[in-house]
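Just below is one structure, and these are the notes that go with it.
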Amino acid sequence: MTLAAAAPQGFLSPTGVEVAFVLVGLVTFAAAIVTVTTKQLVHAALWLVVALGGLAAEYLLLTAEFVAWVQVLIYVGSVVVLLLFGLMLTKAPIGRSPDADSGNRWAALTVAVAAAATLVWVVVDAFRTQWIDLDAPQGTTSVTGAMLFQHWVLPFEALSVLLLAALVGAIVLSRKSEEPSDERVRDAKAHARDDAEAAADKEQR
Amino acid sequence: MNDALDVALRLLVVFAVFLVLPLVIGQTEHKVMAHMQGRLGPMYAGGFHGWAQLVADGVKFAQKEDVVPAGADRRIFQLAPAVALLPYLLVLVAIPIGPGEGAVGEVVDAGLFFVLAVMGVGVLGSLMAGWASANKFSLLGGLRTAAQLLAYELPMLLTAASVAMAAGTVSLPGIVEAFEWWWLPWQIVGALVFFVAGLAELQRPPFDMPVADSEIIFGAYTEYTGLRFALFLLAEYAGIVVLCGLTTVLFLGGWHGPWGADGLGWVWTLLKTAILAFLVIWLRVSYPRLREDQLQKLAWTTLVPLALAQIALTGIVKVAIQ
Amino acid sequence: MPPIPGSGLAKGLAVTLRTMTRKTVTAQYPDVQPELPPRTRGVIGLFEENCTVCMLCARECPDWCIYIDSHKETVPAAAPGGRERSRNVLDRFAIDFALCMYCGICIEVCPFDALFWSPEFEYAETDIHELTHERDRLREWMWTVPAPPALDASAEEPKEIAAARKAAEKLATQQQTEAEAPKAEAPKAEAPKAEAPKAEAPKAEAPEAEAPKAEARKAEAPKTEPGEGKQ
């Protein structure tokens with residue numbers, strides 16, 4: 001990436017893009033919180049759409065157009081559809097589900113905070129105070145493709161193999177003669193499809 | 001200021017196209033379907049061969065009461081038609097109808113991905129409608145919609161990827177720029193798979209299991225009335241416009257024509273789109289509905305392998321050429 | 001040879017495309033009147049001059065939808081010293097088309113040809129009571145009754161014409177014999193001669209019946225039928 005670190009940039013006079021970034025970020029964050037706290041299951045799935053869409057918007061603001069559209073394609077277009085499909089098969093009522101709370105609230109919160117802290121730490125450690133100039137697009141398809149297949153080929157292929165393994169595993173699970181339980185088979189199938197799509201999508205690059 | 005005016009003008013034109021073309025296709029469907037069944041179709045509205053039938057339908061829909069079922073999830077129920085319709089408007093912005101900057105609403109770098117991603121979002125509207133209606137038929141329709149989307153999204157993406165590989169770009173104008181006539185036989189399998197999968201994603205007959213009226217009334221749209229129902233119908237016809245336009249751009253060479261006159265490229269695009277739209281109607285009249293298991297079987301055992309074969313062929317030819 | 005895969009699909013497409021290029025079968029009814037077959041059962045017309053109030057139609061009607069009222073009148077003796085005759089006079093004749101099932105039994109059963117089928121069918125009403133057509137309305141329908149279809153070329157001669165022809169031939173032979181006789185009786189022979197064309201009249205009408213047009217019907221009906229009624 002081309003980093004223009006020469007001129008130190010101030011944080012006090014934000015540009016329009018930066019303001020938008022922060023606002024979209026807040027919306028995404030709020031939507032994510034509602035997703036995990038709402039007692040209406042399908043609403044949670046739909047708030048997840050908002051959160052994922054917000055993320056795509058953030059990518060767009062960072063000029064990573066390709067990643068943004070893939071985000072929409074895979075997560076909003078497929079994963080959420082899959083989620084809703086699964087929810088429709090359950091007895092999720094319209095309105096509040098009284099038993100939507102799992103009781104692992106604190107454990108989940110701990111894991112979430114830890115994960116967030118790790119990610120933030122990784123990003124902060126990697127970039128420090130570097131200033132990336134967004135006027136020259138940084139995330140166009142060709143740039144992303146070149147990066148992916150020149151610098152990150154090995155992880156990419158490893159991920160592909162992982163997904164393939166998941167796919168094969170799902171098929172094996174669903175073919176078993178003594179059925180585990182309906183739900184697990186369905187989940188496995190769902191993941192298989194999901195993974196197949198993700199893999200297919202990766203292949204396109 | 002000039003830029004703002006330019007953008008506003010482009011959006012206005014796209015919006016006008018978005019409102020007019022689906023109605024034209026709807027009217028064509030009325031008449032073509034009627035004549036294919038030995039009927040005349042609408043004859044009164046507007047005077048000349050019922051040309052204003054869909055306008056009259058719109059007025060009727062607008063006058064109807066907007067009913068929300070008592071048990072429904074009100075807000076989601078009311079939001080669903082917008083979620084179903086808006087993506088197609090967005091997609092239309094990115095489809096180029098002629099060469100150059102002037103003939104596309106907005107040049108999107110990863111246009112192919114943008115189009116496919118946003119089209120996938122439209123299905124969320126049907127799912128929301130199906131779930132929020134508090135009606136078992138709607139729920140079944142929603143389930144079928146989701147299953148169909150999952151099955152047919154994959155071949156559609158794969159064939160689109162094949163074209164992107166052939167052109168070496170994912171920008172829609174870029175793909176048409178790179179088009180050569182011999183792509184037609186080269187990508188013909190991909191084109192067929194793409195078109196069929198697109199039909200299935202739009203839930204058009206013969207892939208209209210999610211709205212099979214003889215089984216589940218009107219699927220996810222059963223509880224809708226008035227303007228919201230009209231919006232769902234409009235979304236279907238806008239979907240036809242988008243699918244036909246996209247197939248034209250990706251596989252039929254968009255504005256390229258056998259005797260290409262400069263400046264008339266958009267005529268070729270519209271002509272090809274119109275022919276494809278006629279094909280959509282023709283298929284609807286000719287074929288009976290596929291059963292749910294046949295639907296899934298067609299996608300997973302026929303279209304996906306065909307799409308993969310097309311990708312392999314594209315890759316081989318591409319390497320051989322270079 | 002096994003069929004080519006997909007040939008069925010192509011055939012389906014061909015069928016619809018071919019149908020599209022053909023003429024449609026849609027009847028544009030209010031704009032274009034339908035071509036009705038000659039014996040269409042639209043509405044029942046009453047030729048009340050023929051009615052003798054025998055009540056057969058009302059009695060045979062399975063729906064009991066025919067209402068008839070009448071009274072008796074005495075007719076003074078035709079010749080002096082003769083006996084007075086009594087005859088039935090029709091007061092009311094009504095058919096309730098809300099009840100009628102268009103079986104046509106009344107028309108079949110009428111011994112005096114007072115009831116006829118008319119092809120008119122546009123008499124829907126917004127009030128069911130108005131579907132009871134009274135005598136004058138039923139009489140009006142008579143104007144729409146088409147002329148009877150032409151006889152078959154090799155058919156037996158109709159009774160009326162045969163009778164008239166026989167009479168005419170008789171007259172002709174009589175005239176011939178009289179012509180051979182002294183010519184002083186010539187004026188007497190003129191009168192029967194004048195009647196002869198009248199008798200031929202039904203024959204002349206036959207070709208007209210072959211092309212039963214509504215206009216022709218209307219013009220014809222009043223001319224012929226009242227004449228029959230007096231007989």
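Side-chain atoms are counted along with the backbone in the values below, which use heavy atoms only and exclude waters and symmetry mates. Per chain, numbering begins at 1; letters A, B, ... match sequence-line order.
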**Request:** Measure B/Val123 against the heavy atoms of chain A and call it side chain, backbone, both or neither at under 4.5 Å.
**Result:** neither

**Item:** Rounded distance (nearest 0.5 Å) linking atom CH2 of B/Trp131 with atom NE2 of A/His43
**Value:** 5.0 Å

**Message:** If you count every heavy atom of other residues, nucleotides or ligands that lies below 6.0 Å from A/Tyr75 atom OH, does the total exceed 12?
**Reply:** no

**Asked** What is the minimum heavy-atom distance between A/Trp69 and B/Ala117, and which atoms define it?
**Response** O-CB, 3.4 Å

**Request:** Determine whether more than 12 heavy atoms belonging to other residues, nucleotides or ligands lie under 6.0 Å from atom CD1 of B/Ile321.
**Result:** yes

**Message:** Tell me whether B/Trp186 at atom CH2 has more than 12 heavy atoms from other residues, nucleotides or ligands lying less than 6.0 Å away.
**Reply:** yes

**Request:** Kindly give the heavy-atom pair with the smallest separation between A/Phe85 and B/Leu143, and that separation in Å.
**Result:** CE1-O, 3.3 Å

**Request:** Go through the steps to decide whether B/Leu124 and A/Leu84 satisfy the test side chain to side chain contact (heavy atoms under 4.5 Å, CB included), and finish with yes or no.
**Result:** CA-CA 9 Å; B/Leu124 270 184; A/Leu84 283 173; 3.6 Å; yes

**Prompt:** Using non-hydrogen atoms only, which part of A/Leu46 is less than 4.5 Å away from chain B: side chain, backbone, both, or neither?
**Reply:** side chain

**Prompt:** How far apart are the C-alpha atoms of B/Asp73 and A/Gln40, what are their side-chain angles, what is the distance that settles it, and do they pass the side chain to side chain contact (heavy atoms under 4.5 Å, CB included) test?
**Reply:** CA-CA 10 Å; B/Asp73 194 331; A/Gln40 305 191 33; 3.8 Å; yes

**Asked** Is the shortest heavy-atom distance from the side chain of B/Leu127 to the side chain of A/Val80 under 4.5 Å?
**Response** no

**Test side-chain contact (heavy atoms from CB on, under 4.5 Å) applied to B/Val121 and A/Leu73, A/Val76, A/Val81, the passing residue** = A/Val76

**Item:** Side chain, backbone, both or neither of B/Met119 within contact of chain A (heavy atoms, under 4.5 Å)
**Value:** neither

**Asked** For the atom pair CD (A/Glu65) and CZ (B/Phe114), what is the distance rounded to the nearest 0.5 Å?
**Response** 9.0 Å

